[in-house]
Every structure is written in structure tokens, then in C-alpha cells.
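Some notes on the structure that comes next.
The first residue in the sequence is number 1, and the count goes up from there. Computation of the quantities below employed the complete heavy-atom set of this structure, encompassing side-chain atoms and omitting hydrogens, waters and symmetry-equivalent molecules.
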Amino acid sequence: MGANLYKTTGTYTPDSLIADNAIPITAKGIKIAKGEGKLVRGALLGRTADGTYSLTGKSYTVTNEDKTETTATVGADCILTDSVDATDEDVIASTYVTGTFNRAAIILAEGADIDGYETELRKLGIFLKSVQE
């Protein structure tokens with residue numbers, strides 16, 4: 001007869017990524033390139049030369065107009081809202097582009113330090129805060 005209006009469509013597990021709501025949280029969709037692998041909620045991402053997004057602090061190769069190649073490091077642009085798997089195909093994902101976030105919950109590429117990106121993030125409207133758990 002009627003549709004079952006009381007079904008579980010997802011679950012919410014609280015975490016410590018969002019530090020407070022003093023700065024409004026804004027989201028946008030992005031494209032993560034195939035081969036990035038599994039990225040978890042809280043991953044700090046930046047835009048690469050081809051327009052796709054990758055983990056901040058990761059190195060990648062850029063082919064210049066004169067066909068020479070140089071190495072660049074992914075900067076900071078947004079924070080992944082939900083875990084994704086971009087191992088075998090491109091993935092459209094949701095990211096936070098403004099808000100206040102727990103600095104300890106931000107994920108970067110191995111060897112990268114969040115302190116090196118804090119000024120860049122502030123200019124974008126992403127603020128970091130130390131949160132006691």
C-alpha cells in the first residue's frame with residue numbers, strides 16, 4: 001500500500017573535524033582523479049594543473065608548453081566532507097571550502113605539515129583550531 005517512510009538511508013557518526021560554527025560552513029563539488037586511492041573525511045585537498053584534486057602536500061608532474069616536465073606540490077584548497085575511493089575511477093566528491101576545523105583532524109600527504117598551509121587556508125576562509133577531545 002503505502003511507502004515505508006521509516007527506513008534508514010544513512011548513518012551519522014560524530015567526529016571532531018568541525019571545530020565550531022562561528023564561520024559558516026560552505027561546500028562545493030570537485031573531481032578527484034583516478035589513482036588517488038582511498039581518501040578519508042578530513043583530507044586537505046588542492047587543485048592540480050589538470051583541474052582535478054589531490055591530497056595536499058603530494059608531488060605531481062606538470063608538462064609545460066615546451067614539453068618539458070617539472071614537479072609541483074599540491075597546495076591547499078578544500079577539505080573532504082566524506083571518505084571516497086578514487087582508486088579505479090574519477091570520483092565527484094563534496095568538500096568544505098569555508099568553516100572552522102580541528103587542526104588535528106586534517107589529513108595531508110605524508111611528510112606535509114598543516115602549519116605550512118594555515119595562512120593559505122585563512123585567505124580562503126578555512127580556519128584551524130586546536131580542539132581538546
Side-chain angles (χ1 to χ4, degrees):
M1 290 195 112
N4 181 359
L5 299 178
Y6 301 100
K7 64 181 178 178
T8 302
T9 57
T11 59
Y12 170 72
T13 305
D15 62 16
S16 61
L17 178 61
I18 298 172
D20 70 33
N21 62 357
I23 306 293
I25 295 173
T26 307
K28 77 172 182 178
I30 62 160
K31 181 179 179 181
I32 300 172
K34 170 183 166 180
E36 274 302 303
K38 294 180 180 181
L39 298 173
V40 297
R41 173 177 161 82
L44 185 59
L45 303 175
R47 189 175 173 141
T48 63
D50 68 1
T52 60
Y53 284 73
S54 185
L55 196 58
T56 296
K58 185 175 179 181
S59 296
Y60 67 100
T61 303
V62 178
T63 303
N64 303 310
E65 289 180 14
D66 63 358
K67 305 293 185 215
T68 61
E69 291 184 344
T70 55
T71 301
T73 302
V74 178
D77 183 69
C78 54
I79 298 170
L80 193 61
T81 62
D82 297 296
S83 298
V84 297
D85 186 354
T87 303
D88 298 323
E89 61 186 6
D90 292 348
V91 173
I92 303 300
S94 177
T95 60
Y96 298 118
V97 292
T98 64
T100 305
F101 301 91
N102 178 2
R103 71 183 318 102
I106 303 297
I107 313 293
L108 294 98
E110 188 174 328
D113 183 11
I114 191 66
D115 293 336
Y117 295 96
E118 191 162 5
T119 300
E120 183 178 351
L121 290 169
R122 252 195 327 266
K123 291 176 185 176
L124 297 171
I126 296 175
F127 297 87
L128 303 176
K129 184 176 184 178
S130 294
V131 175
Q132 293 180 335
E133 295 181 34

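- Nearest heavy atoms, Cys78 versus Val97: CB-CG1, 4.0 Å.
- The side-chain heavy atoms of Asn102 and Asp15, taken from C-beta on, include no pair separated by under 4.5 Å.
- Around atom CG of Asn21, no more than 12 heavy atoms belonging to other residues, nucleotides or ligands sit under 6.0 Å away.
- For the pair Thr95 (side chain) and Ile79 (backbone), a donor-acceptor distance under 3.5 Å is absent.
- Leu55 and Leu121 fall into different hydrophobic clusters, where Ile, Leu, Val, Met, Phe, Trp and Tyr are joined by side-chain heavy atoms under 4.5 Å apart, directly or via other members.
- In this structure, the side-chain contact (heavy atoms from CB on, under 4.5 Å) partners of Lys38, at least two apart in sequence or on a different chain, are Asp85, Thr87.
- Residue Asp88 qualifies as open at atom CG: its count of foreign heavy atoms under 6.0 Å is 12 or below.
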Arg47 vs Asp77, salt bridge (charged side-chain N to carboxylate O under 4.0 Å, His left out): CA-CA, chis, key distance, verdict: CA-CA 7 Å; Arg47 189 175 173 141; Asp77 183 69; over 6 Å; no
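- Ile126 contributes atom CD1, which lies 8.0 Å from atom CG of Leu128 (distance to the nearest 0.5 angstrom).
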Ile107 vs Leu44, side chain to side chain contact (heavy atoms under 4.5 Å, CB included): CA-CA, chis, key distance, verdict:
CA-CA 6 Å; Ile107 313 293; Leu44 185 59; over 6 Å; no
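- Taking a 6.0 Å sphere around NZ of Lys28, one finds it holds more than 12 heavy atoms contributed by other residues, nucleotides or ligands.
- Contact check for Thr63 versus Glu69: side-chain heavy atoms found under the 4.5 Å cut-off.
- Within the 4.5 Å cutoff, the side chain of Leu17 has heavy atoms near those of the Ile106 side chain.
- The closest donor-acceptor contact from the side chain of Asp50 to the backbone of Thr52 lies under 3.5 Å.
- Atom CD of Glu120 and atom OG1 of Thr56 lie 7.5 Å apart (nearest 0.5 Å).
- Looking only at side-chain heavy atoms (C-beta outward), Val74 and Thr48 come within less than 4.5 Å of each other.
- Tracing side-chain contacts under 4.5 Å through hydrophobic residues (I, L, V, M, F, W, Y), one reaches Leu45 starting from Val91; they form part of the same cluster.
- Of all non-hydrogen atoms in Arg103 and Glu118, the two that sit nearest each other are NH2-OE1, 2.8 Å.
- In plain terms, the two heavy atoms of Leu80 and Ala93 that are nearest each other are CD1-CB, 3.8 Å.
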Subject >> Residues Arg122, Phe127; criterion side chain to side chain contact (heavy atoms under 4.5 Å, CB included); working and verdict >> reply: CA-CA 5 Å; Arg122 252 195 327 266; Phe127 297 87; 3.5 Å; yes
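- Among residues at least two apart or in separate chains, there is no ring-ring contact (aromatic ring centres under 6.0 Å, His included) pair with a member in residues 56-87.
- For the pair Tyr117 and Ala112, the tightest heavy-atom approach, listed with the atom from each and the gap, is CE1-CB, 4.3 Å.
- Side-chain atoms of Asp90 do not come within 3.5 Å of backbone N or O of Ala33 as any donor-acceptor pair.
- Applying the ring-ring contact (aromatic ring centres under 6.0 Å, His included) rule to pairs touching residues 65-104 yields Tyr96-Phe101, sequence neighbours excluded.
- The backbone N or O of Thr98 lies less than 3.5 Å from no partner atom in the side chain of Thr26, so there is not a single donor-acceptor pair.
- Between the side chain of Thr81 and the main chain of Ser94, a donor-acceptor pair closer than 3.5 Å is present.
- No donor-acceptor pair under 3.5 Å is formed between the side chain of Thr73 and the backbone N or O of Gly57.
- Note: the hydrophobic cluster containing Leu108 also contains Ile18 (ILVMFWY, side chain heavy atoms under 4.5 Å, direct or indirect links).
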